[in-house]
Protein chains: 2
Amino acid sequence: MSILAIDRIGAIVRGPPVNPAFTAIAPDTAGMPLYRAVKRALLGAVEAGTFAPGAALPSETDLARAFGVSIGTLRKAVDELGAEHIIVRRQGRGTFVATHNEGRFLFQFFHVERNDGLREHPQVDLVSFERSRADDVSAAALQIRPGEPVIEIGNRLRLQGRAVVHDRIILRAALFKGLTEKRLGARSGTIYQLYQSAFGISVVRAIERARAGAAPADTARVLGLAPGVAVMHVHRTALTFGDRPVEYRHSIIDTSQHEYVNLLARPAR
Amino acid sequence: MSILAIDRIGAIVRGPPVNPAFTAIAPDTAGMPLYRAVKRALLGAVEAGTFAPGAALPSETDLARAFGVSIGTLRKAVDELGAEHIIVRRQGRGTFVATHNEGRFLFQFFHVERNDGLREHPQVDLVSFERSRADDVSAAALQIRPGEPVIEIGNRLRLQGRAVVHDRIILRAALFKGLTEKRLGARSGTIYQLYQSAFGISVVRAIERARAGAAPADTARVLGLAPGVAVMHVHRTALTFGDRPVEYRHSIIDTSQHEYVNLLARPAR
DNA sequence: CCCAATTTGTTCGTATGTATA
DNA sequence: TTATACATACGAACAAATTGG
């Protein structure tokens, strides 16, 4: 456990509700329950990289002492962060910053299965990589100005050896400085793992919009389809903490043998 | 508050872990934390209809006394049920069985928006109603035997006056005894509200599988499309408590002006 | 409008159990 | 075996929201 880390978080100091002028009050946490202020402070530390993904947080008792709150209050904050998959708690071991690499997460966003329900980790082929400027649609999705520098990545996903998905990924160049075709191709895990390990960007959720349409010519070529055949178009905006967009992705899926699956799951408890 | 209701729940009686033989132990709750046993008992009461949807549960203090557990333990059980949207807690008022009619829920499953993001409650037209027997696909989805009696409902959904979705709904006849075309047409709310109010069936989650394809002839007629145009097919299995299927639905969506939206949202806390 | 009763929300603290290293 | 960390269970006190008088 690192005392340094705790010191960097800082205790939650708040005055009595009677006269706030006499005591220091964290500006954001006014009128907020104490456990929520603690939660925000912890989330801020995770976002800022004070605790790296996969790293252990200080123990509950240490954190409670560092924040100057009771163990129960600290637990409530940590519980909520756990429910949101920001951190992971393991009895007897400690509390860790989630890495989003745990396998289960692999199928959380893009979820394409064969018609019979077979799941498989897709094989990814890089088909294009270029630097360009954001068009209006990408800019709106990424909340940047049209014309800002972006990186465009073309991927082909194969399932059971069959080319099923053609991805066109748009990244804000300013967020992914130093990303090269070589570095992208040399990655070991998924592209989201690369965002995290190489650029410190954690994708925590996404919004997807889907429609049916005809396969564009380039996609038909990449997937080996007849041009104009019916395919699914999925536009995904991937978000990090605070719902800040980090990636805009247009996926075109050949659904003749596969399906796009959406489990509206309750949290499994 | 009804003492009767509490009596019907029954206290959680469990012996010390040392020698279980000396005290009565609820068979299902062996080795389970106490708060989980309480949660299961409450869930069972909700499922059994001991507390009707919308009805208030006894207060925390009464429930804690009825179960013979501390207020903290009772709260932990109730908190989890709240996180799963089984019940709803309102400070100063009480705890209520969720009705799933709260508006927010309307867009939880089927979520079709116009391209520009405009949401609207769909207008529903009943286009067919018949009793038949389950085919292999429906039977598998509903976990019944092929040939069992089912009810087939055809619906057309209009958004902004435009026919966008054609639904074919398959219900197990045994679960929806007394459902008639007249009763279906005379309902005031959504079809899921009818399931709940008229048949005591709460839909708590769903699984959807989507693909692109051509519009079938009957759908093209219902939606006013050219036959063979690209549309989205969504197969949904709606589930009640314990993941028991209650409805199988095949939706065909004209995505020329609208989109199927999937918000992979974290719980909003 | 205010007051009192009721109910959930928050915060504190302690003790003990269970999993891990 | 021992120490550490999270998990469970208990209970108390007060705050905040709601309702009804």
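Heavy-atom basis, side chains included; hydrogens, waters and symmetry copies ignored. Here is the naming used below: chain letters follow the sequence lines, and residue numbers restart at 1 for every chain.
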Less than 3.5 Å between a donor and an acceptor, one on the side chain of B:Gln91 and one on the base of D:dA16, is that the case here?
yes
Regarding B:Gly72, tell me which of base, sugar-phosphate or nothing describes its non-hydrogen contacts under 4.0 Å with the strands shown.
nothing
Within the structure shown, what part of the strands sits under 4.0 Å from A:Thr95 by heavy-atom distance: base, sugar-phosphate, or nothing?
sugar-phosphate
Between [options], spot the one nearest the side chain of [X], thanks.
{"X": "A:Thr73", "options": "D:dT8, D:dC10, C:dT11", "answer": "C:dT11"}
{"X": "A:Arg93", "options": "D:dA9, C:dT20, C:dT10", "answer": "C:dT20"}
{"X": "B:Ser70", "options": "D:dT8, C:dC12, D:dA9", "answer": "D:dA9"}
{"X": "B:Tyr35", "options": "C:dT10, C:dT14, D:dT8", "answer": "D:dT8"}

Ring-face cation contact, A:Phe199 with A:Arg183, 6.0 Å cut, 45° max
yes
With nearest nucleotide decided by heavy atoms, which residue, B:Lys76 or B:Ile71, maps closer to the 5′ end of DNA chain D?
B:Lys76
Residue pairs fulfilling salt bridge (charged side-chain N to carboxylate O under 4.0 Å, His left out) with at least one residue in residues 50-59 of chain A, sequence neighbours excluded:
none
Is the A:Tyr248 ring parallel, tilted or perpendicular to the A:His235 ring (thresholds 30°, 60°)?
parallel
Taking side chain to side chain donor-acceptor pair (under 3.5 Å) as the test, write out the residues that go with A:Arg209, two or more places apart.
B:Glu113, B:Glu259
Is the phosphate of D:dA7, meaning OP1 or OP2, less than 4.0 Å from a side-chain N or O of A:Arg75?
yes
